[in-house]
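Below, all heavy atoms of this structure are taken into account, side chains as well, without hydrogens, waters or symmetry copies.
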Amino acid sequence: MTDTDAATATATETAHAALHARHRAVLPDWLATYYARPIELTHGAGRHVWDAEGRRYLDFFGGILTTMTAHALPEVTAAITEQAGKILHSSTLYLSSQAVELAERIARLSGIPDARVFFTTSGTEANDTALLLATVHRGSNQVLALRNSYHGRSFTSVGITGNSSWSPTSLSPLQTLYVHGGVRTRGPFAHLSDAEFTAACVADLEDVLGQANGTVAALIAEPIQGVGGFTSGPDGLLAAFKEVLDRHGILWITDEVQTGWGRTGEHFWGWQAHGQAGPPDILTFAKGVGNGMSMGGVVARADVMNCLTANSISTFGGSPITTAGALANLGYLVDHDLQGNARRVGGLLRARLDAVAAGSGIVREVRGRGLMLGVELVEPGGDVPSATAASLVLEAAREHGLLIGKGGRAGNALRIAPPLSLTVAEAEEGADALASALKQAEATMEGATTA
């Protein structure tokens with residue numbers, strides 16, 4: 001590196017540090033950022049992003065599973081640009097051809113009969129709306145949720161979040177009853193076979209319902225728990241739950257904010273891995289459909305969606321610009337079979353990660369499907385969850401040019417969710433970088449132990 005290059009690098013690092021200081025001075029202390037020295041991402045293309053210092057990264061987290069197709073996808077950029085030149089905003093008080101067309105497409109894809117669609121600006125707002133519909137329709141504020149779940153940051157959605165790391169208050173407008181089933185390989189049922197695990201979780205559900213005070217409105221569940229560390233129960237578990245729910249008239253809400261749009265590869269929606277009992281009553285979505293635009297929504301049967309009797313509108317939900325972008329994005333995803341790509345390339349990436357895990361003393365488990373993969377980390381050679389290992393790997397992966405996420409109740413799970421257009425070569429590149437990061441983190445932890 002020349003003296004000029006070194007001076008430029010120092011100046012950009014100083015500018016980054018100054019931005020971090022300004023961030024800390026004006027934004028909340030609880031607003032988390034990644035890395036000991038947080039970075040600013042300034043632009044992206046395909047599956048790569050660049051930070052303010054000019055460093056290039058392979059993006060395996062996609063803005064928290066939001067960049068679904070690709071960064072700066074020309075088709076989406078063109079649709080947004082064209083719409084921005086016409087009108088940015090109108091609200092739901094006026095008709096919108098883009099909103100109607102997008103709702104029609106999502107209703108058909110949802111699998112829910114006689115479906116109605118309501119657009120929101122986020123997954124949190126979508127889950128809030130789903131809870132409003134369910135509690136009004138059933139006349140009850142009692143809700144079932146899975147342990148280790150995460151459904152948003154609002155007052156209502158925090159009230160159904162079973163992951164204590166993301167639940168800042170016990171206060172809630174809901175009475176939430178938590179049931180087993182979100183985590184397969186830890187907890188009191190971990191030693192059971194899949195069939196026995198499902199039976200035990202169903203028995204637990206029945207027992208909880210026996211303790212409920214009258215009517216229960218709904219069960220809300222992520223088919224694969226996102227913030228919880230990409231954990232899930234066996235395929236068919238939610239279908240077994242639905243048989244119980246149907247006997248009691250309880251609604252099933254599937255939270256597809258992270259599992260939707262073909263990310264799991266095998267299915268377009270996560271609920272379809274549990275589809276033996278039919279579609280859910282309510283489906284929530286967000287993140288990937290907008291590819292970064294503020295887009296979310298709820299799909300429900302007409303009788304459920306139409307149960308509200310008070311006036312309601314959305315100022316920003318389904319705006320002209322977000323629906324234009326989402327239409328282009330969804331069209332690209334379907335036309336280019338990105339679900340199939342998630343299945344094929346995700347399978348290759350999973351095989352590589354399994355091989356890496358076999359040689360690592362800090363990897364307990366690789367899990368997930370498609371391009372939604374989790375790696376659970378533990379103390380070297382043991383079974384104790386290690387948030388330290390996850391933080392070390394996160395930092396080391398960035399050094400090797402790879403951005404990943406983390407989660408889990410103990411903060412010890414790596415979350416891997418690149419755009420669904422990921423290529424085979426990029427999957428190999430990312431697996432190599434993660435393998436190096438795991439070795440580096442393990443060596444650091446073993447050195448600390450022997451020191």
Within-4.5 Å side-chain heavy-atom neighbours: [X] and [Y]:
X: T69; Y: L420; answer: no
X: V117; Y: L102; answer: no
X: T185; Y: E365; answer: yes
X: E222; Y: S149; answer: yes
X: V202; Y: F241; answer: yes
X: F155; Y: L171; answer: yes
X: Q339; Y: L333; answer: no
X: R184; Y: D194; answer: yes

Donor-acceptor pair between [X] and [Y] side chains, under 3.5 angstrom:
X: R47; Y: S421; answer: yes
X: S167; Y: S164; answer: no
X: T67; Y: N291; answer: no
X: Q440; Y: E395; answer: no
X: S386; Y: N412; answer: no
X: S193; Y: E196; answer: yes
X: D128; Y: S154; answer: yes

What's the shortest heavy-atom distance between [X] and [Y], and which atoms?
X: L422; Y: A427; answer: CD2-CB, 3.9 Å
X: P280; Y: T254; answer: CG-CG2, 3.4 Å
X: L371; Y: P419; answer: CD1-O, 3.8 Å
X: A413; Y: G229; answer: CB-CA, 3.9 Å
X: I404; Y: L414; answer: CD1-CD2, 4.0 Å
X: P188; Y: H180; answer: CG-CE1, 3.7 Å

Under 3.5 Å donor-acceptor, [X] side chain and [Y] backbone:
X: T66; Y: I64; result: yes
X: S96; Y: A99; result: yes
X: E442; Y: K439; result: no
X: N329; Y: V76; result: no
X: H71; Y: G46; result: no
X: T198; Y: L237; result: no
X: T81; Y: T77; result: yes
X: E256; Y: G270; result: yes
X: Q258; Y: G226; result: no
X: Q98; Y: S319; result: no

Checklist line | From I80 atom CD1 to L327 atom CG, the distance as rounded to the nearest 0.5 Å | finding: 11.5 Å

Note to self: Within this structure, what is the CG-CG distance for the pair D59 and L402, rounded to the nearest 0.5 Å?
What the structure shows: 8.5 Å

Next item on the list: Measure up the H89 and F316 rings against each other and bin them: parallel (under 30°), tilted (30 to 60°), perpendicular (over 60°).
Entry: tilted

Next item on the list: Look at the rings of Y332 and H336 and say which category their plane angle falls in: under 30° parallel, 30 to 60° tilted, over 60° perpendicular.
Entry: parallel

Next item on the list: Write out all pairs satisfying side-chain hydrogen bond (donor to acceptor under 3.5 Å, both in side chains) with one or both partners inside residues 260-273, taking only residues at least two apart or from two chains.
Entry: E266-R369

Margin query: Show every side-chain hydrogen bond (donor to acceptor under 3.5 Å, both in side chains) that has at least one partner inside residues 340-351, sequence neighbours left out.
Written below: R350-D354

Next item on the list: Tell me whether the guanidinium CZ or amine NZ of R398 lies under 6.0 angstrom from the six-membered ring centre of Y35 and within 45° of its axis.
Entry: yes

Margin query: If you count every heavy atom of other residues, nucleotides or ligands that lies below 6.0 Å from W50 atom CH2, does the total exceed 12?
Written below: yes

Note to self: Does E40, at its CD atom, have more than 12 non-hydrogen atoms belonging to other residues, nucleotides or ligands within less than 6.0 Å?
What the structure shows: yes

Check: Going through the checks in order, is the side chain to side chain contact (heavy atoms under 4.5 Å, CB included) test met by L353 and L434?
Finding: CA-CA 8 Å; L353 295 182; L434 187 58; 3.5 Å; yes

Check: Which residues satisfy the salt bridge (Lys or Arg N to Asp or Glu O under 4.0 Å) test with K287, sequence neighbours excluded?
Finding: none

Check: Just one of R409, R186, K406 clears the salt bridge (Lys or Arg N to Asp or Glu O under 4.0 Å) bar with E376, so which one?
Finding: R186

